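In what follows, every heavy atom counts, from backbone to side chain, and hydrogens, waters and symmetry copies are set aside. In this text, all values refer to a predicted model and were calculated from it rather than measured experimentally.
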Amino acid sequence: AKSCLAVTLRHQGDYAGAQALQEQVLESQIRVLGPEHPDTLGTMGNLANALRRQGECAAAQDLDEQVVESRSRVLGPEHPDTVGAMGDLAGTLWCQGDLTGAQDLYEQVLELKTRILGPEHPRTLGTMGDLAGVLWDQGDYPGAQAIQEQVLEAQTRALGPEHPDTLGTMGGLANTLGNLGDLEGAQALQEQVVEAQTRALGPEHPDTLWAMGNLAITVGNLGDYAGARDLEELVVEARTRVLGPEHPDTLGAMANLAITLWYLGDHAGAQDLVEQVVELRSRALGPEHPDTLWARDLLGAIDENAQQHAE
């Protein structure tokens, strides 16, 4: 019962609540069933997912690696559960900023899922979407777009236009279009995603807030900085309350708000926010994590511009 409740909490976005229950279940399963029982490994993977969703990527990686190693040995390297665990580990590497490692592992998983499950199985399509996300983070926007369009077409046909997986892919494609310069196309898709996710998941679900934050970036890129600020303030406030002030998604929203404040002329407010982001990311992710380095570069650019304005 606790395992089912934990999964429900995770789907509702209550990752801390899911983590607490899964830790209890895991302790009992290790004691009663043993550390390599399929149910124990399933709970271990779910706990890793909850940790990753809260930004605790190093702890998630330790668990994911245990699950992959145990399932490979007990079930075989091409068993669907093993392949699924490999995909989870790839996601954790991505969370850690290891884009090359994540891409390599996702490509292995995609090859296996395509062969074992078929090219249009929902899990295969999910891995394609994840691979597109890693390509996006590496700056390969045309490569990401090609995959996302293929996935979106298949998911719309197989799952329906408002399935969470379909909406997630639509949001990813919108971000890619924005980076390729099609801001109006990006905005149209993002508004669809926000509206559908608000209706299906609620206005403060992490996926809804993610979509709203992406829409804010596009609105700002179109020159409507006041509109972007209003959206970003909602996202920062909700993520701080739902996910916590040090969660990577909260810090990302703070950084986006800082950029918008700068364009609106609130240079002191922008500088204060980015200083907080640098400090919190250094503590939570480490000083050399790509997200920390990006925030430090942003702070340097803001400081330099502030000095130029002062002169």
To the nearest 0.5 angstrom, please state how far the [atom1] atom of [X] sits from the [atom2] atom of [Y].
X      : Y      : atom1 : atom2 : value
Arg123 : Thr114 : CZ    : OG1   : 14.0 Å
Leu189 : Glu191 : CG    : CD    : 10.0 Å
Leu131 : Gln148 : CG    : CD    : 10.0 Å
Asp88  : Leu93  : CG    : CG    : 11.0 Å
Ile259 : Tyr225 : CD1   : OH    : 10.5 Å
Glu111 : Ile116 : CD    : CD1   : 8.0 Å

Establish, from distance only, whether the side-chain atoms of [X] and [Y] form a donor-acceptor pair under 3.5 Å.
X      : Y      : answer
Gln22  : Asn49  : no
Gln155 : Thr169 : yes
Asp137 : Trp94  : yes

Side-chain heavy atoms of [X] within contact of [Y], under 4.5 Å:
X      : Y      : answer
Met44  : Leu26  : yes
Lys113 : His121 : no
Thr43  : Asp39  : no
Gln145 : Glu149 : yes
Leu243 : Gln54  : no
Leu112 : Met86  : yes

Is a side-chain donor or acceptor of [X] paired with a backbone partner of [Y] at a separation under 3.5 angstrom?
X      : Y      : result
Thr260 : Ala228 : no
Arg71  : Asp81  : yes
Thr124 : Gly118 : yes

Problem - Audit row: Thr218, Gln187, side-chain hydrogen bond (donor to acceptor under 3.5 Å, both in side chains) steps and yes/no - result: CA-CA 6 Å; Thr218 301; Gln187 182 179 5; over 6 Å; no
Say whether [X] and [Y] are linked into one hydrophobic cluster, either directly or through other cluster members, by side-chain heavy-atom distances under 4.5 angstrom.
X      : Y      : result
Val194 : Val242 : no
Val109 : Leu117 : yes
Leu231 : Trp210 : no
Leu89  : Val83  : yes
Val193 : Val151 : no

Show the atom names and distances, to 0.1 Å, of all donor-acceptor pairs under 3.5 Å that link a side chain in residues 283-293 to residues at least two apart or in another chain.
from, atom 1, to, atom 2, distance (Å)
Arg283, NH2, Glu246, OE2, 2.5
His289, ND1, Asp291, N, 3.0
His289, NE2, Cys95, O, 3.4
His289, NE2, Gln96, O, 3.3
Thr292, OG1, Arg281, O, 3.4
Thr292, OG1, Gly286, O, 2.8

Exercise for the section: Begin with the C-alpha distance, continue with both residues' side-chain angles, and end with the deciding distance and a verdict on side-chain contact (heavy atoms from CB on, under 4.5 Å) for Leu125 and Thr127. Expected result: CA-CA 5 Å; Leu125 296 174; Thr127 299; over 6 Å; no
Handout entry: Qualifying residue for side-chain contact (heavy atoms from CB on, under 4.5 Å) with Val219, from Asn221, Leu222, Leu215
Key = Leu215
Identify the two heavy atoms, one from [X] and one from [Y], that lie closest to each other, and give their separation to 0.1 Å.
X      : Y      : answer
Thr82  : Ser72  : CG2-OG, 3.3 Å
Pro35  : Leu41  : O-CD2, 3.6 Å
Val67  : Gly45  : CG2-N, 4.0 Å
Gly34  : Thr40  : O-OG1, 2.9 Å
Gly178 : Ala186 : N-CB, 3.7 Å

Exercise for the section: Describe, in one word, how the ring planes of Trp136 and Tyr141 are oriented to each other, choosing from parallel (under 30°), tilted (30 to 60°) and perpendicular (over 60°). Expected result: perpendicular
Practice task
State whether the number of non-hydrogen atoms from other residues, nucleotides or ligands found under 6.0 Å of Glu69 atom CD is greater than 12.
Solution key: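 It does: Glu69 CD has more than 12 such atoms within range.
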Report all side-chain donor-acceptor pairs from residues 268-279 shorter than 3.5 Å, counting only partners two or more places apart or in another chain.
from, atom 1, to, atom 2, distance (Å)
Gln271, NE2, Asp303, OD1, 2.6
Asp272, OD2, Gln276, NE2, 3.1

Problem - Set of residues satisfying salt bridge (Lys or Arg N to Asp or Glu O under 4.0 Å) with respect to Arg157, sequence neighbours excluded - result: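 Per chain and number, Arg157 pairs via salt bridge (Lys or Arg N to Asp or Glu O under 4.0 Å) with Glu120, Glu153.
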Practice task
Run the salt-bridge test on Arg229 and Asp266 with the 4.0 Å N-O cut-off and return the result as yes or no.
Solution key: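 No.
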Exercise for the section: Apply the test side-chain contact (heavy atoms from CB on, under 4.5 Å) to residues Asp104 and Glu107: give CA-CA distance (whole Å), side-chain angles for both, the deciding distance (0.1 Å), then the verdict. Expected result: CA-CA 5 Å; Asp104 289 345; Glu107 288 174 346; 4.3 Å; yes
